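See below for the structure under consideration.
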Amino acid sequence: MGEELQTVMESSALQTLSCPFTVAENLQSATLSILQGLKILEKSCNGFTAFVHYIGPSARHHLNNLVFYVFFPALIGCSLADTITSETLATLWFMPVNILISCIIGAALGWILVKITGTPPHLEGLIISCASAANLGNMLLIILPALCEEANSPFGDSSTCSAYGEAYASLSLAIQAVYVWSVLYFIMRTSASHVVEEVPSEALTEPLLISRGSSEDIIYRVDLPQSMDEGNQKISTCERIKRCFMTVIRSKSLRMIFAPSTIAAIIGFIVGIVSPFRKTLVASSGPLHVVYSSIQLIGDAGIPSITLIVGANLLKGLKGSGVKTSLIVGILVIRNFLLPASGIGVVKAAKYLGLVESDPLYEFTLLLQFAIPPAMNIGTISQMLGTGESEFSVLMLWNYVVAAFSLTLWTAFYMWLVT
């Protein structure tokens with residue numbers, strides 16, 4: 001299946017390169033695809049309004065858990081298993097590097113914005129995260145298939161294009177999840193600790209330090225075992241190493257890095273690359289193909305569910321909060337102008353150096369990774385840490401409003417650039 005898709009994709013790419021597309025046609029395709037995504041978001045906002053009215057907080061919490069633990073892992077694993085092979089993997093190695101470069105550039109620009117605007121210490125991590133991490137999985141899973149299904153799409157056969165688009169989006173989501181739950185989680189947790197330090201000393205009636213028996217904040221910290229002897233009992237070096245290892249393994253930070261979506265991506269890679277697994281599960285004549293089909297059917301519920309969650313975050317932003325205008329404008333400039341422009345230089349330099357093959361859809365995906373609005377996982381971290389949740393909702397609302405126009409223009413320009 002993977003080899004056939006690769007052959008068809010190469011032939012369609014050659015046809016694409018020989019078929020000139022005007023800027024107007026690219027703009028039309030980009031506008032239609034973005035409008036389709038916006039219609040989904042609009043329906044998600046309207047749907048979530050009724051969802052909030054009829055279903056209580058407990059049900060919404062369970063929906064988040066279903067998406068996090070069931071729907072998205074199934075979607076990611078099946079998309080990667082269906083399209084990733086040992087041959088195609090050799091051409092995708094630059095995608096993690098491209099995402100890392102975009103995150104580094106965004107984090108640097110976010111740090112500069114924090115210093116210029118004098119952002120409160122407890123919000124510094126939030127601003128850097130919003131400037132750094134993009135909503136790669138969710139938005140790419142909406143935009144790429146919509147572009148592929150357009151009649152005048154420059155990316156060849158619609159079914160093959162959609163299959164590869166889902167694989168690119170799934171791989172992007174898995175890589176981004178590791179970055180968000182490792183680097184950005186640490187940055188936001190460190191920044192959130194300044195909330196306690198900002199309390200005036202004369203207003204304190206209780207000690208700042210939480211008692212040993214309290215469970216708050218303990219889940220956000222990796223405490224290595226102390227080297228003190230317990231009851232004058234000597235602990236061997238081997239035992240200390242074992243305790244340290246078990247503490248790290250059980251830490252919440254490590255569990256978040258290896259989130260279900262990350263584990264599903266690893267399994268999808270293994271199934272796609274190892275030929276016996278692929279023939280057993282993915283091939284239509286495989287003995288366990290019914291298992292793969294069932295998991296794929298479950299994964300189809302991921303996109304509708306995540307759009308409801310996106311609508312929830314955008315609706316929260318309508319309530320407003322005390323975010324400085326300079327911060328909102330700064331994030332908008334970084335995410336909608338500076339990062340997309342820098343992405344052109346990065347991808348073109350990589351292609352000039354021979355790091356990226358001449359595949360229009362692959363180049364377009366690399367470019368689009370620089371123009372996507374901030375990641376939704378940042379809001380989840382804000383909820384966990386108990387700070388910056390309302391500010392994040394406002395930033396998200398404005399970013400997605402502006403992205404409705406900027407993302408359309410960048411998409412059309414990127415399509416013209418790669419074709």
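In this chain, residues are counted from 1 in sequence order. All values derive from a computational prediction rather than experimental measurement.
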Taking every non-hydrogen atom, the tightest pair across [X] and [Y]:
X: Pro374; Y: Tyr400; answer: O-OH, 3.7 Å
X: Tyr69; Y: Pro260; answer: CD2-CG, 3.5 Å
X: Pro154; Y: Thr419; answer: CB-CG2, 3.6 Å
X: Ser102; Y: Leu339; answer: O-CD2, 3.8 Å
X: Leu367; Y: Ile344; answer: CD2-CA, 3.7 Å
X: Ile99; Y: Ser172; answer: CD1-CA, 3.8 Å

Practice prompt. Could you give me the CA-CA distance, side-chain angles and deciding distance for Phe392 and Leu123, then say whether side chain to side chain contact (heavy atoms under 4.5 Å, CB included) is met?
Written response: CA-CA 10 Å; Phe392 173 75; Leu123 294 179; over 6 Å; no
Please report the interatomic distance [atom1]([X]) to [atom2]([Y]), rounded to the nearest 0.5 Å.
X: Lys348; Y: Glu363; atom1: NZ; atom2: CD; answer: 6.0 Å
X: Trp111; Y: Glu124; atom1: CH2; atom2: CD; answer: 10.0 Å
X: Leu395; Y: Ile127; atom1: CG; atom2: CD1; answer: 5.0 Å
X: Leu136; Y: Met95; atom1: CG; atom2: CE; answer: 9.5 Å
X: Asp82; Y: Gln296; atom1: CG; atom2: CD; answer: 6.5 Å
X: Phe370; Y: Tyr414; atom1: CZ; atom2: OH; answer: 8.0 Å

Worksheet item: Taking the inter-plane angle between the rings of Tyr362 and Tyr168 on a 0 to 90° scale, is it parallel (under 30°), tilted (30 to 60°) or perpendicular (over 60°)?
Response: tilted
Output yes when a side-chain donor or acceptor of [X] lies under 3.5 Å from a complementary backbone atom of [Y], and no otherwise.
X: Ser191; Y: Pro121; answer: yes
X: Arg335; Y: Asn399; answer: no
X: Asn135; Y: Pro373; answer: no
X: Thr160; Y: Asp157; answer: no
X: Ser132; Y: Cys103; answer: yes
X: Tyr179; Y: Ala133; answer: no
X: Thr85; Y: Ile273; answer: no
X: Lys324; Y: Thr117; answer: yes

Practice prompt. Flag yes if more than 12 heavy atoms outside Phe269 fall under 6.0 Å of its CZ atom; otherwise flag no.
Written response: yes
Discussion item. Val271 and side chain to side chain contact (heavy atoms under 4.5 Å, CB included): which single residue from Thr280, Ile84, Val282 fits?
Written reply: Val282
Practice prompt. For side-chain hydrogen bond (donor to acceptor under 3.5 Å, both in side chains), just list the numbers for Ser293 and His289, CA-CA rounded to whole Å, side-chain angles, deciding distance to a tenth of an Å, and then say yes or no.
Written response: CA-CA 6 Å; Ser293 300; His289 180 71; 3.1 Å; yes
Worksheet item: Could you walk me through whether Ser129 and Tyr185 pass the side-chain hydrogen bond (donor to acceptor under 3.5 Å, both in side chains) check?
Response: CA-CA 9 Å; Ser129 299; Tyr185 179 78; over 6 Å; no
Worksheet entry | Close side-chain approach of Ile267 and Ile263, heavy atoms under 4.5 Å | yes
Discussion item. Any non-hydrogen side-chain atom of Phe71 less than 4.5 Å from a side-chain atom of Asp300?
Written reply: no
